[in-house]
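The structure under discussion is supplied below as structure tokens; questions concerning it will follow.
Scope of the values below: all heavy atoms of this structure, side chains included, with no hydrogens, waters or symmetry mates.
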Amino acid sequence: MIIGGHGKVALLAAPMLVEGGHSVTSVIRKEDQVADVEETGASARVSDVEHLDLDSTRELVRGHDAIIWAAGAGGGSPERTYAVDRDAAIRVMDAAVAEGVDRFVMVSYVGSGRDNVPEDNPFHAYADAKAQADEHLRGTSLNWTILAPGQLTLDESTSKIEYGDHVTEGETSRANVAELAVGAVGRTDLAGVTIHFRDGNVAIWEAMESLSRRAQETPVAPLREGAAD
């Protein structure tokens with residue numbers, strides 16, 4: 001299941017997942033988005049996660065093996081930013097735990113939990129909401145992976161990234177984010193890993209292999225950042 005199925009990352013990820021043999025449900029807010037989603041090969045599910053309670057959210061995610069969170073308020077009022085990027089995200093996580101979904105891939109951003117944004121800055125609500133959502137995810141029993149890309153662009157996929165805790169800014173194509181999400185969702189060996197990344201020179205598959213090795217080498221304290229070899 002992809003939450004935020006009509007977003008640019010989701011619309012790129014869905015056909016790759018379908019081509020890889022996955023059965024994909026893309027959750028969208030509006031009926032007029034159905035056709036776009038179904039063109040990807042995914043099944044569209046119209047449901048506004050912002051306004052669902054926990055029981056309705058459990059019903060939404062029930063029967064799925066993995067969730068990719070790719071939704072966002074997209075700016076606007078701080079109230080809606082918190083409602084979507086924090087509250088709805090946390091409800092989906094809690095519903096996933098309750099329903100035994102297990103695998104959860106969160107599309108976050110490179111500064112989550114590291115940006116110190118003043119409260120009078122318009123970006124504060126987003127930074128704070130994402131940090132709280134990510135921290136909640138880390139405290140769950142889910143097999144989670146957090147993707148933390150830099151500033152998103154509409155550039156073509158290069159299938160190559162630079163990654164590690166040293167990455168604090170930079171541009172990242174949405175196509176590369178989608179490709180990494182698709183690669184990560186089926187890999188429980190990346191559970192407990194936060195990947196800070198931007199466009200770079202390391203093949204995405206190679207980055208995942210390196211992160212997997214490092215995660216397996218530190219079973220007591222799962223790796224949350226990795227640097228390229």
Side-chain angles (χ1 to χ4, degrees), residues 1-5 9-10 12-27 41-43 57-58 60-71 89-110 112-113 130 133-149 159-161 163-165 167 172 176-197 202-229:
M1 172 168 277
I2 304 176
I3 310 291
V9 170
L12 292 168
M16 289 189 278
L17 287 164
V18 171
E19 185 177 350
H22 296 276
S23 176
V24 182
T25 302
S26 286
V27 178
S43 298
T57 306
R58 287 185 62 172
L60 177 69
V61 305
R62 187 171 297 146
H64 292 85
D65 301 309
I67 293 173
I68 297 175
W69 176 275
I90 288 173
R91 274 196 305 277
V92 171
M93 296 169 203
D94 291 346
V97 171
E99 294 298 326
V101 174
D102 188 57
R103 189 76 174 109
F104 200 106
V105 174
M106 166 64 79
V107 179
S108 186
Y109 84 105
V110 74
S112 178
K130 293 300 286 185
D134 290 353
E135 194 58 30
H136 185 85
L137 180 58
R138 292 186 178 104
T140 69
S141 59
L142 294 163
N143 287 321
W144 57 264
T145 300
I146 296 174
L147 308 184
S159 299
K160 294 181 178 181
I161 59 173
Y163 65 103
D165 191 50
V167 176
T172 316
N176 282 344
V177 177
E179 187 172 337
L180 184 55
V182 169
V185 74
R187 298 190 60 145
T188 56
D189 57 343
L190 293 179
V193 177
T194 299
I195 309 173
H196 296 97
F197 68 103
V202 180
I204 287 173
W205 68 267
E206 184 179 344
M208 288 190 293
E209 288 297 317
S210 176
L211 287 163
S212 172
R213 290 194 300 271
R214 291 167 186 237
Q216 292 173 40
E217 290 168 359
T218 55
V220 175
L223 178 68
R224 290 185 177 177
E225 273 84 42
D229 289 338

Stepwise side-chain contact (heavy atoms from CB on, under 4.5 Å) test for Thr140 and Phe104: CA-CA 10 Å; Thr140 69; Phe104 200 106; over 6 Å; no

Polar side-chain atom of Arg103 near backbone of Asn143 as donor-acceptor pair, under 3.5 Å: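 Answer holds: yes.
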
Donor-acceptor pair between Asp94 and His136 side chains, under 3.5 angstrom: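 Yes, a side-chain donor-acceptor pair sits under 3.5 Å.
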
Under-4.0 Å salt bridge between Glu217 and Arg214: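 Here Glu217 does not pair with Arg214 in a salt bridge, since their nearest N and O are not under 4.0 Å apart.
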
Heavy-atom closest contact (Val177 atom, Leu147 atom, distance):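 Answer, listing the atom of Val177 first, then Leu147: O-CD1, 4.2 Å.
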
Close side-chain approach of Arg138 and Ile146, heavy atoms under 4.5 Å: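 Contact flag for Arg138/Ile146 side chains = yes.
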
Pairwise distance CD1(Ile204) to NZ(Lys160) - rounded to 0.5 angstrom: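 It comes to 10.5 Å.
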
Contact summary for Ala42 and Val18, nearest pair of heavy atoms: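 Minimum heavy-atom contact is N-CG2, 4.0 Å.
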
Heavy-atom closest contact (Trp144 atom, Thr194 atom, distance):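 Residues Trp144 and Thr194, closest heavy atoms: CZ3-OG1, 3.6 Å.
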
Val182 side chain near His22 side chain, heavy-atom distance below 4.5 Å: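 In short, these two side chains do not touch, never coming nearer than 4.5 Å.
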
Exercise: identify the closest heavy-atom pair between Ala207 and Ile161: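 For Ala207 and Ile161, the tightest heavy-atom pair comes out as CB-CD1, 3.9 Å.
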
Val61 vs Met93 side-chain heavy atoms within contact, under 4.5 Å: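 A side-chain contact under 4.5 Å is absent here.
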
Residues which pass side chain to side chain donor-acceptor pair (under 3.5 Å) with Arg187, listed by chain and number, not counting sequence neighbours: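 Arg187 satisfies side chain to side chain donor-acceptor pair (under 3.5 Å) with Asp189, Glu209 only.
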
Minimum heavy-atom distance between Gly183 and Met208, given as atom pair plus value: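 Shortest heavy-atom contact: C-SD, 3.5 Å.
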
Nearest heavy-atom neighbours spanning Ala181 and Ile68: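 That would be O-CD1, 4.3 Å.
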
Contact check, side chains of Ile3 and Trp69, non-hydrogen atoms, under 4.5 Å: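 Result yes, sub-4.5 Å side-chain heavy-atom pair found.
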
Side-chain H-bond candidate by donor/acceptor type, Glu206 with Ser210, under 3.5 Å: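 No - no donor-acceptor pair under 3.5 Å links their side chains.
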
Counterpart residues, salt bridge (charged side-chain N to carboxylate O under 4.0 Å, His left out), relative to Glu179 (two or more places apart):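 Listed in chain order: nothing, the list is empty.
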
Side-chain (Thr172) to main-chain (Pro149) donor-acceptor, under 3.5 angstrom: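 Such a contact is absent between Thr172 side chain and Pro149 backbone.
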
Leu17 and Ile2, any side-chain heavy atoms less than 4.5 Å apart: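 Counting from C-beta outward, Ile2 and Leu17 do come under 4.5 Å.
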
Lys130 (side chain) donor-acceptor with Val107 (main chain) under 3.5 angstrom: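 Yes; at least one donor-acceptor contact below 3.5 Å.
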
CD1-OG1 distance between Ile90 and Thr57, expressed to the nearest 0.5 angstrom: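 That separation rounds to 12.0 Å.
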
